[in-house]
Amino acid sequence: MKYIYWLYQLCIAVPVAIIATVFTAAVTGLGCSIGNGHVWGYYPGRWWSKVMTRIFLLTVTVEGRENLEKGHSYVFVANHQGMFDIFLIYGYLNRNFKWMMKHQLRKMPFVGYACAKSHQIFVDRRSPSKVKKTINDARETLKDGTSLVVFPEGARTFTGHMGKFKKGAFLLADELQLPVVPLTINGSFNVMPRTRDWHFVKWHPLRLTIHQPVYPIGQGPQNILAVMHQSYDSVMSALVPEYQGYIENPDQ
């Protein structure tokens with residue numbers, strides 16, 4: 001069965017995925033150039049993500065959508081298991097948002113172009129001025145009523161276990177007094193861990209757990225740490241037993 005799945009990927013899934021990626025990047029870029037960036041920067045990507053999970057025959061389960069209020073802005077924070085995290089959140093969170101991502105992704109063929117045109121937020125720490133621009137871009141996005149999705153570990157896991165959370169997303173949430181919504185991703189590491197990027201996909205079910213929002217208890221360092229620790233514990237609580245517990249990520 002494994003070899004049949006590999007043949008299916010080679011002959012059908014991968015060619016369709018490439019075509020869908022190029023088409024989505026073109027539609028996103030054109031749409032954002034002539035129309036509403038909040039619309040064209042989200043819906044084509046959502047369609048693309050659903051295509052990517054379905055073309056690889058992956059099952060998706062989402063829990064906890066009832067925890068979100070319609071029309072409310074949130075800072076979503078998720079563990080970062082693998083490449084398919086993107087498809088799981090983009091395709092199935094059912095929330096218009098912007099990504100906060102590494103600036104190196106700007107150079108990724110097609111995807112980088114679409115992200116730049118749709119004003120996703122690139123995290124650039126190469127100089128103080130670039131860091132300031134990253135923060136200002138995120139602040140303006142949240143003030144505009146859109147939500148933000150961040151991987152606070154800053155890097156994908158090598159082991160399936162979580163590393164530590166960085167403070168950036170929680171600083172923004174504290175400044176604007178917005179709730180943070182923890183997201184737990186299960187299955188993405190099994191489908192394609194970073195050590196096997198661009199290899200054959202391994203079939204495994206995907207699950208996205210949307211936890212209850214963590215609301216600010218004040219403003220300042222104490223609130224930032226309290227929200228960060230509560231968010232971390234929430235994400236960890238829904239991981240499958242195999243990946244429970246902290247393991248240091250050397251890439252952080």
Side-chain angles (χ1 to χ4, degrees), residues 64-65 67-69 71-81 85-86 88-90 93 95-103 105 119-157 161-186 188 208-239 243-252:
R65 283 204 188 104
N67 292 325
L68 304 180
E69 295 181 31
H72 202 297
S73 291
Y74 297 103
V75 177
F76 293 97
V77 296
N79 59 315
H80 206 357
Q81 282 205 335
D85 297 348
I86 307 297
L88 185 57
I89 294 176
Y90 221 158
L93 183 59
R95 205 79 183 185
N96 198 328
F97 63 84
K98 298 294 185 184
W99 291 101
M100 184 175 277
M101 60 184 67
K102 288 184 176 181
H103 72 89
L105 293 176
H119 303 291
Q120 308 300 328
I121 301 164
F122 293 98
V123 179
D124 195 336
R125 299 187 176 92
R126 290 176 293 180
S127 70
S129 63
K130 292 183 183 296
V131 171
K132 184 178 180 181
K133 183 179 186 306
T134 296
I135 295 171
N136 288 338
D137 287 346
R139 184 185 295 116
E140 290 305 311
T141 293
L142 290 166
K143 282 182 178 178
D144 195 32
T146 303
S147 292
L148 185 67
V149 173
V150 185
F151 295 113
E153 293 168 278
R156 286 176 292 162
T157 178
H161 294 258
M162 286 171 60
K164 61 185 178 181
F165 276 5
K166 298 179 180 180
K167 292 183 181 179
F170 305 97
L171 287 166
L172 281 169
D174 176 73
E175 179 182 338
L176 298 175
Q177 290 290 279
L178 287 173
V180 173
V181 178
L183 306 173
T184 301
I185 292 170
N186 279 296
S188 180
L208 176 66
T209 303
I210 304 168
H211 297 274
Q212 291 186 354
V214 181
Y215 289 90
I217 59 172
Q219 192 163 23
Q222 185 177 356
N223 175 64
I224 293 167
L225 288 176
V227 173
M228 183 171 69
H229 290 155
Q230 187 175 342
S231 298
Y232 189 93
D233 290 343
S234 293
V235 175
M236 181 73 77
S237 70
L239 282 173
Y243 300 126
Q244 284 282 333
Y246 165 81
I247 291 183
E248 182 180 1
N249 186 338
D251 199 24
Q252 287 193 296

Next item on the list: Answer whether the closest heavy-atom distance between the side chains of V75 and V181 falls below 4.5 Å.
Entry: no
Item checked: Rounded distance (nearest 0.5 Å) linking atom CD1 of I217 with atom CD1 of I224 -> 11.0 Å
Check: Which pair of non-hydrogen atoms, one from Q244 and one from L239, has the smallest distance, and what is that distance?
Finding: NE2-O, 2.8 Å
Check: Is there a donor-acceptor contact under 3.5 Å from the side chain of N186 to the main chain of A238?
Finding: yes
Item checked: Minimum heavy-atom distance between A78 and P152, given as atom pair plus value -> O-CD, 3.4 Å
Item checked: Nearest non-hydrogen partners of S73 and L178, listed with the distance -> O-CD2, 3.8 Å
Item checked: pair Y74-I210: side-chain heavy atoms closer than 4.5 Å -> no
Check: For the side chain of N79 and the backbone of M162, is there at least one donor-acceptor N/O pair under 3.5 Å apart?
Finding: no
Checklist line | Residue pair D174 / Q219: nearest heavy atoms and the distance that separates them | finding: O-NE2, 3.0 Å
Next item on the list: Could you grab the distance from atom CG of D233 to atom CE of M228, nearest 0.5 Å is fine?
Entry: 10.5 Å
Notebook entry, point to check: Looking at side-chain heavy atoms only, is the closest gap between N67 and P213 below 4.5 Å?
Noted result: yes
Next item on the list: Applying side chain to side chain contact (heavy atoms under 4.5 Å, CB included), run through W99 and I86 and close with a yes or a no.
Entry: CA-CA 9 Å; W99 291 101; I86 307 297; 4.0 Å; yes
Note to self: Can you confirm whether more than 12 heavy atoms, excluding those of Q212, are under 6.0 Å from its CD atom?
What the structure shows: no
Notebook entry, point to check: CD of E175: more than 12 outside heavy atoms within 6.0 angstrom?
Noted result: yes
Next item on the list: Identify the two heavy atoms, one from E153 and one from K166, that lie closest to each other, and give their separation to 0.1 Å.
Entry: O-CE, 3.9 Å
Check: Any chance CD of Q222 has more than 12 other-residue heavy atoms, nucleotides or ligands included, within less than 6.0 Å?
Finding: no
Notebook entry, point to check: Can you find a heavy atom in the side chain of F165 that is under 4.5 Å from one in the side chain of H229?
Noted result: no
Note to self: Measuring from atom CD1 of I185 to atom OG1 of T157, what distance do you get when rounded to the nearest 0.5 angstrom?
What the structure shows: 12.0 Å
Check: Between M100 and V150, what is the shortest heavy-atom contact and its length?
Finding: CB-CG2, 4.0 Å
Note to self: Consider side-chain contact (heavy atoms from CB on, under 4.5 Å). Of T209, V77, I89, which one does L183 pass it with?
What the structure shows: I89
Next item on the list: Go through the steps for N249 and K164 under the test side chain to side chain contact (heavy atoms under 4.5 Å, CB included), then give the verdict.
Entry: CA-CA 8 Å; N249 186 338; K164 61 185 178 181; over 6 Å; no
Next item on the list: Look only at the side chain of H161 and the backbone of G245, and say whether a donor-acceptor pair between them is shorter than 3.5 Å.
Entry: yes
